[in-house]
Amino acid sequence: MLEQTFHPASISRSGALEGVEPVVTPFDDLESVVALYEPRIFRFLLSNLRDRDLALSLTQDTFLRAWTARASFRGDSSISTWLMRIALNLLRDHTRTNRFRFWKKAAASAVDVADVATHIPQPGSSAEARLIASEQLALIWDTVAELSSRQREIFLLRFVEGLEIPDIANVTTLPVSTVKSHLYRALGTIRTRHSGLATREKE
């Protein structure tokens with residue numbers, strides 16, 4: 001089980017202006033938000049970074065940023081989508097710098113694909129089905145690493161996080177047509193290199 005990386009009790013809730021009614025948001029119950037959404041945010045970051053420590057750090061940063069910007073949450077998207085957008089922006093910020101490891105240059109201490117696979121939710125699946133899913137993830141892992149950053153983000157949001165196309169468009173702030181195009185190209189690349197996967201699924 002993922003240890004909690006963010007501790008709501010450590011955040012000061014003071015700072016409201018005297019005489020000004022504070023804006024009520026779901027993040028006022030931050031402990032519940034963290035309990036519900038931390039595993040999903042961590043999983044997405046881990047599958048992108050393949051670095052457990054960095055994924056934990058950015059997960060904590062995601063909830064800290066969500067807390068400090070909570071007044072801007074208007075409810076026009078789900079809490080999950082809003083948090084995922086923050087996590088994605090942090091991911092992009094960090095992978096643009098030379099201080100962090102990229103997928104293709106993951107250090108020997110970076111997590112193995114099996115570690116990522118254990119965090120992928122597969123409710124109701126049999127042990128055999130989970131094993132096959134993990135094996136397939138291992139087979140395509142290196143190919144996913146070679147996708148463009150945008151294609152990789154969209155692929156993982158769709159097939160690791162299970163987001164629908166409109167939700168991915170919301171998270172990435174891209175038009176639905178653009179999301180579909182990137183996903184189509186990513187799938188095309190993966191299918192070309194791993195055509196045996198589809199055959200195995202039908203057996």
Side-chain angles (χ1 to χ4, degrees), residues 1-11 25-70 73 75 77-95 100-101 103 106 109-138 140-141 144-145 149 152-172 179 183:
M1 181 179 294
L2 171 64
E3 66 271 22
Q4 191 178 61
T5 63
F6 189 76
H7 303 283
S10 67
I11 299 294
T25 77
F27 295 91
D28 292 336
D29 186 7
L30 188 61
E31 188 169 357
S32 294
V33 171
V34 171
L36 282 172
Y37 299 106
E38 183 183 44
R40 185 172 204 175
I41 297 301
F42 171 74
R43 183 175 59 243
F44 171 68
L45 291 169
L46 180 64
S47 60
N48 267 281
L49 295 164
R50 298 180 68 178
D51 183 321
R52 184 178 178 82
D53 290 339
L54 181 53
L56 287 170
S57 178
L58 292 190
T59 298
Q60 182 172 0
D61 289 347
T62 296
F63 286 96
L64 180 59
R65 183 167 294 187
W67 167 256
T68 58
R70 65 193 183 282
F73 179 75
S77 64
S78 67
I79 295 174
S80 178
T81 297
W82 198 66
L83 288 170
M84 196 67 73
R85 187 185 302 150
I86 293 173
L88 181 58
N89 287 335
L90 286 170
L91 174 67
R92 289 173 177 173
D93 288 345
H94 284 298
T95 53
F100 294 90
R101 288 169 288 187
W103 265 60
S109 60
V111 296
D112 185 82
V113 65
D115 190 24
V116 178
T118 61
H119 294 283
I120 297 178
Q122 295 160 329
S125 299
S126 66
E128 182 180 4
R130 289 195 298 271
L131 176 60
I132 291 173
S134 296
E135 289 175 346
Q136 291 179 347
L137 178 61
I140 68 171
W141 193 250
V144 172
S149 60
R152 184 168 63 248
E153 291 163 1
I154 290 172
F155 177 86
L156 293 172
L157 286 170
R158 181 70 185 96
F159 294 106
V160 173
E161 295 308 317
L163 269 62
E164 299 297 333
I165 298 297
D167 294 325
I168 296 175
N170 197 340
V171 168
T172 58
V179 170
L183 186 58

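Model, not experiment: these values are computed from the prediction. Just so you know, residue 1 is the first one in the sequence shown, and it goes up from there.
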Considering the options Asp61, Asn89, Leu49, which one meets the side-chain contact (heavy atoms from CB on, under 4.5 Å) requirement together with His94? Asp61

Assess whether side chain to side chain contact (heavy atoms under 4.5 Å, CB included) is satisfied between Val179 and Leu157, documenting all intermediate values. CA-CA 11 Å; Val179 170; Leu157 286 170; over 6 Å; no

Correct closest heavy-atom pair for Val171 and Arg85 would be O-CG, 3.2 Å

Closest heavy-atom pair, Ala69 versus Trp82, reported as atoms and distance to 0.1 Å, is O-CH2, 3.6 Å

Taken to the nearest 0.5 Å, the spacing of Phe44 CZ from Ser80 OG works out to 11.0 Å

Heavy-atom nearest pair, Ala145 first then Arg152, reads O-NH1, 3.4 Å

Who passes side-chain contact (heavy atoms from CB on, under 4.5 Å) against Ala87, sequence neighbours left out? Ile41, Leu45, Thr62

If I take atom CE from residue Met84 and atom OG from residue Ser77, how far apart are they, to the nearest 0.5 angstrom? 12.0 Å

Tell me every residue that passes side-chain hydrogen bond (donor to acceptor under 3.5 Å, both in side chains) with Asp167, counting only those two or more places apart in sequence or in another chain. none

Using the six-membered ring wherever Trp is involved, compare the ring planes of Phe73 and Phe27 and label them parallel, tilted or perpendicular (cut-offs 30° and 60°). perpendicular

Distance-minimising heavy-atom pair for Phe42 and Thr59: CA-OG1, 3.3 Å

Output for pair (Arg70 CZ, Leu30 CG), nearest 0.5 Å, gives 8.5 Å

Output the distance between atom CG (Leu88) and atom CG (Asp93), rounded to the nearest 0.5 Å. 9.5 Å

Any donor-acceptor pair under 3.5 Å from Arg43 side chain to Glu161 backbone: no

For residues Arg158 and Leu163, report the shortest heavy-atom separation together with the two atoms involved. CD-O, 3.1 Å

Can you find a pair of side-chain heavy atoms, one from Phe63 and one from Ile86, that are under 4.5 Å apart? no

Heavy-atom closest pair (Ile79 atom, Pro26 atom, distance to 0.1 Å) is CD1-CB, 3.5 Å

Do Phe159 and Leu183 touch side chain to side chain, with heavy atoms closer than 4.5 Å? yes

For Pro166, side-chain contact (heavy atoms from CB on, under 4.5 Å) partners two or more places apart: Glu164

